[in-house]
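All remarks here apply to the structure that follows.
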Amino acid sequence: MQCGAKVVVAVRKTSPELTSAGDVLIIEGIDVQNDEDMQTLVANLTEPVDVLVNNAGYFKRERESVLENTMDFADEVKTIDICAVGLLRVSNALYNAEKIAEGGKIIMITS
């Protein structure tokens, strides 16, 4: 990156835009819902990170309504798993593997 930062991106699947972004380490196949993927993430980080930016979001497209009896509780649980628990999975895995630098920061961006 132009500012001298080393950027590591963990994703389920990369994109042409990300692949062409320049000097970026892309760790593909990481799903924040999967505990085993956290082992893969940790194994692919060669050094601790100074800043971890957790960025995850998920919303089903259909509108849900109690009044119309259209609630999809399994999908609600999926949303919570991705948007809340998934960020904790990543942070926990990196912290316990000592992959967050001393004094490092963890940032959460989620829907």
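For the pair R89 and D37, the salt-bridge criterion is not met [side-chain N within less than 4.0 Å of a carboxylate O]. A salt bridge links K6 to E47: one of the charged nitrogens lies within less than 4.0 Å of a carboxylate oxygen. Between R63 and E68 there is a salt bridge, since at least one side-chain N of the basic residue sits less than 4.0 Å from a carboxylate O of the acidic one. Note on D50 versus K105: no salt bridge recorded, every NZ/NE/NH1/NH2 to OD/OE distance being 4.0 Å or above.
Judged by distance alone, with hydrogens and angles left aside, the side-chain atoms of S65 form no donor-acceptor pair with the main-chain N or O of T70 at under 3.5 Å. The backbone N or O of T14 sits less than 3.5 Å from a side-chain atom of E28, completing a donor-acceptor pair. In this structure, N96 contributes its side chain and N92 its backbone to a donor-acceptor pair below 3.5 Å. Side chain of T110 to backbone of C83: a donor-acceptor contact under 3.5 angstrom is found.
Put simply, the side chain of I26 reaches to within 4.5 Å of the side chain of L18, judged on heavy atoms. Contact annotation: the side chain of L41 approaches that of V90 to within less than 4.5 Å [non-hydrogen atoms, C-beta and beyond]. Considering only heavy atoms from C-beta on, V7 stays 4.5 Å or farther from L25 through its side chain.
With sequence neighbours excluded, the residues satisfying side-chain contact (heavy atoms from CB on, under 4.5 Å) with I109 are V53, N55, I107. In this view, E64 satisfies the side chain to side chain donor-acceptor pair (under 3.5 Å) rule with no residue, not counting sequence neighbours.
Here the straight-line distance linking atom CD1 of I82 with atom CG of D31 works out to 7.0 Å at 0.5 Å rounding. In this structure, CE in M108 is found 5.0 Å from CG in N54, a value given to the nearest 0.5 Å. To the nearest 0.5 Å, atoms CG (L94) and CD1 (I100) are separated by 5.0 Å. Atom CG of L45 is separated from atom CD of E98 by 13.5 Å, given to the nearest 0.5 angstrom.
Other members of the hydrophobic cluster containing F73, listed by chain and number, are V66, M71; membership follows side-chain contacts under 4.5 Å among ILVMFWY residues, whether direct or relayed.
Hydrophobic clustering (side-chain heavy atoms under 4.5 Å, transitive across Ile, Leu, Val, Met, Phe, Trp, Tyr) groups V8 together with M38. By the rule that hydrophobic residues join a cluster once side-chain heavy atoms approach within less than 4.5 Å of another member, I106 and L88 end up as members of one cluster.
Under the 3.5 Å distance criterion, with hydrogens and angles disregarded, no donor-acceptor pair is assigned to the side chains of Y58 and D81.
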In sequence, state the C-alpha distance, the side-chain angles, and the governing distance for V42 and K99, and then conclude on side chain to side chain contact (heavy atoms under 4.5 Å, CB included). CA-CA 7 Å; V42 166; K99 297 291 184 168; 4.2 Å; yes

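Atom CD of E102 has 12 or fewer heavy atoms from other residues, nucleotides or ligands within 6.0 Å.
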